[in-house]
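Letters A, B, ... are given to chains in the order of the sequence lines, protein chains preceding strands, and every chain is numbered from 1.
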Number of protein chains: 2
Amino acid sequence: MRKSQQRTAIFEELGKLKSHPRGDELYDIVRQRLPRISLGTVYRNLELLRQRGMVLELPCGDFNRYDGKISPHHHFLCRQCRRLWDFNPDIAPGESKPIKNTADFQIESQFTVFYGLCRQCLAKT
Amino acid sequence: MRKSQQRTAIFEELGKLKSHPRGDELYDIVRQRLPRISLGTVYRNLELLRQRGMVLELPCGDFNRYDGKISPHHHFLCRQCRRLWDFNPDIAPGESKPIKNTADFQIESQFTVFYGLCRQCLAKT
DNA sequence: TTTGATGCAAAGTATTTGCAATCGG
DNA sequence: CCGATTGCAAATACTTTGCATCAAA
């Protein structure tokens, strides 16, 4: 994989974010740094970086959102506003339990999504 | 909410599935029962049923896939073929641990996604 | 010089929406 | 009858792709 300004910018800008953007959302951000970058380049590079394990697709069935943090962490999803946050409860469930393979599935990792209401949406109720 | 043939069919067909379809995928299935149903009707009803809590969006940040099962269960996601399966390991991690709220988040439930390779994709390696 | 990477634009896929017609209570 | 719901089609949103050009090694 060659170096390119574009790929570097995509990787670095994603790493700075706490949100989990789609390709087009990251495009808007990276464009502030490289105004002439194209949307296709962003999508192509995200897929490339994903294959190399340099960024994570959200490992929850949503293949179109990316996470620049490789280290394990959990997420909180607000059912009202649907924002997704990084979230590390004091007790991370499951982490202490052994991962068990079955005949059908070879498990490499596991991720927990907490689901409920964020503070703002709670206040509106 | 009034009754309609269409809504009933959408709800019932989704309930029969073990997969977690998008709107257009469910449309193909429901159409075998109601050939004249329209795609827009399927999307509109899924959103309606979701708001009433009658179906679940996949509580993992993927708002475009639906699950007809309300009772808690886990999922396995194959990183290669990207199929998503219902999955209940013998030890469901986290279930025995208390759910703890924080100042920012009111947690209503939690879901674990196991991530790795399914049997078929493993065989190809 | 060679080939991977890019910009651009067109095509493809998934979802939402406006509106007149229809159906259920 | 009245308003919720529908079918249809057009519009929107997001992603992928073909191709000529550019740039890294």
Side-chain angles (χ1 to χ4, degrees), chain A residues 1-14 17 19-52 54-68 79-84, chain B residues 1-14 17 19-52 54-68 79-84:
Chain A
M1 192 160 66
R2 285 186 188 168
K3 275 186 195 172
S4 82
Q5 274 196 310
Q6 290 87 340
R7 183 148 48 232
T8 303
I10 289 164
F11 180 66
E12 289 180 357
E13 294 305 314
L14 179 60
L17 297 175
S19 63
H20 305 90
R22 295 185 307 263
D24 64 312
E25 293 168 334
L26 187 57
Y27 168 66
D28 286 336
I29 291 164
V30 173
R31 209 159 29 149
Q32 296 168 17
R33 173 166 160 184
L34 293 181
R36 297 199 33 83
I37 199 172
S38 78
L39 184 55
T41 295
V42 174
Y43 277 104
R44 274 183 294 231
N45 274 296
L46 282 172
E47 175 56 17
L48 255 173
L49 292 168
R50 186 190 71 79
Q51 286 169 9
R52 315 275 163 135
M54 296 175 67
V55 307
L56 293 180
E57 68 193 353
L58 275 197
C60 301
D62 190 344
F63 308 128
N64 297 319
R65 290 186 174 272
Y66 295 90
D67 193 331
R79 70 167 155 80
Q80 190 96 63
C81 66
R82 293 180 153 176
R83 277 180 296 182
L84 187 68
Chain B
M1 191 161 64
R2 285 187 187 167
K3 274 185 194 171
S4 81
Q5 273 196 311
Q6 289 88 340
R7 183 148 48 231
T8 302
I10 289 165
F11 180 67
E12 288 181 357
E13 295 305 314
L14 179 60
L17 297 176
S19 62
H20 304 90
R22 295 186 308 264
D24 63 313
E25 293 167 334
L26 187 57
Y27 168 66
D28 286 336
I29 292 164
V30 174
R31 210 159 29 149
Q32 296 168 15
R33 174 166 159 184
L34 292 181
R36 296 201 32 83
I37 198 173
S38 78
L39 184 55
T41 296
V42 174
Y43 277 104
R44 273 183 295 232
N45 275 295
L46 283 172
E47 175 57 16
L48 256 173
L49 293 168
R50 186 190 72 77
Q51 286 170 9
R52 315 274 164 135
M54 295 175 68
V55 307
L56 293 180
E57 68 193 353
L58 275 198
C60 301
D62 190 344
F63 309 130
N64 298 320
R65 291 186 173 272
Y66 295 90
D67 193 331
R79 69 165 156 82
Q80 189 97 62
C81 67
R82 294 179 152 174
R83 278 180 296 181
L84 187 69

*Where is the tightest heavy-atom contact between B:E25 and B:P21, given as atom of each residue plus distance?*
OE1-CA, 3.1 Å
*Using whole Å, report how far CZ of A:R65 lies from P of C:dA14.*
17 Å
*asked:* Below the 4.0 Å mark, does D:dC8 have OP1 or OP2 next to a side-chain nitrogen or oxygen of B:S38?
replied: no
_I need a per-nucleotide contact map over nucleotides 9-14 of chain D, read 5' to 3'. Cutoff is protein heavy atoms under 4.0 Å; write B for the base, S for backbone only, - otherwise._
-----S
*A:E13 vs A:Q32 side-chain heavy atoms within contact, under 4.5 Å*: no
*Around B:Q5, counting heavy atoms of other residues, nucleotides and ligands shown, do more than 12 lie under 6.0 Å from its CD?*
no
*Pairwise distance CG(B:L26) to CG(B:N45) - rounded to 0.5 angstrom*: 10.0 Å
*Looking only at non-hydrogen atoms, find the nearest pair between B:Q6 and B:L34 and report the distance.*
CA-CD1, 3.7 Å
*Taking atom OH of A:Y66 and atom CG of A:L17, what is their separation to the nearest 0.5 Å?*
14.5 Å
*Once you round it to whole Å, what is the distance between C1' of D:dT15 and CG of A:D28?*
14 Å
*Main-chain N/O of B:L49 paired with B:R7 side-chain donor or acceptor, under 3.5 Å*: no
*Looking at residues 29-37 of chain A, who's got a heavy atom less than 4.0 Å off DNA chain C?*
A:R36, A:I37
_Residues which pass side-chain contact (heavy atoms from CB on, under 4.5 Å) with B:D24, listed by chain and number, not counting sequence neighbours_ = B:R22, B:L39, B:Y43
*Length of the CD-C1' vector between B:E47 and C:dT15, whole Å*: 12 Å
*At their closest point, which heavy atom of A:T41 faces which heavy atom of A:I10, and how far apart are they?*
O-CD1, 4.0 Å
*Looking at B:V55 and B:F11, what are the two nearest heavy atoms and their distance?*
CG1-CD1, 4.0 Å
*What is the distance from CG of B:L48 to P of D:dA4, rounded to the nearest Å?*
12 Å
*Rounded to whole angstroms, how far apart are CZ on B:R52 and C1' on D:dT5?*
13 Å
_Rounded distance in Å - CZ (B:R7) to C1' (C:dG24)_ = 11 Å
_Please check this pair: side chain of A:R65 against backbone of A:H20, looking for a donor-acceptor N/O pair closer than 3.5 Å._
yes
*Who pairs with B:R52 by side-chain contact (heavy atoms from CB on, under 4.5 Å), at least two apart in sequence or on another chain?*
B:M1, B:L48, B:M54
Atom pairs, N/O to N/O, protein against nucleotides 21-25 of chain D, distance under 3.5 Å?
| from | atom 1 | to | atom 2 | distance (Å) |
| --- | --- | --- | --- | --- |
| D:dA24 | N3 | A:R2 | NH1 | 3.3 |

*Mind listing the closest non-hydrogen atom pair of B:G23 and B:L46 along with its distance?*
CA-CD1, 3.8 Å
_Whole angstrom value for the distance that separates C1' of D:dT16 from CZ of A:R50_ = 14 Å
*Round to the nearest Å and state the distance from A:N45 atom CG to C:dG4 atom P.*
15 Å
Atom pairs under 3.5 Å: protein N/O with N/O of nucleotides 18-20 of chain D:
| from | atom 1 | to | atom 2 | distance (Å) |
| --- | --- | --- | --- | --- |
| D:dG18 | O6 | A:R44 | NH1 | 3.3 |

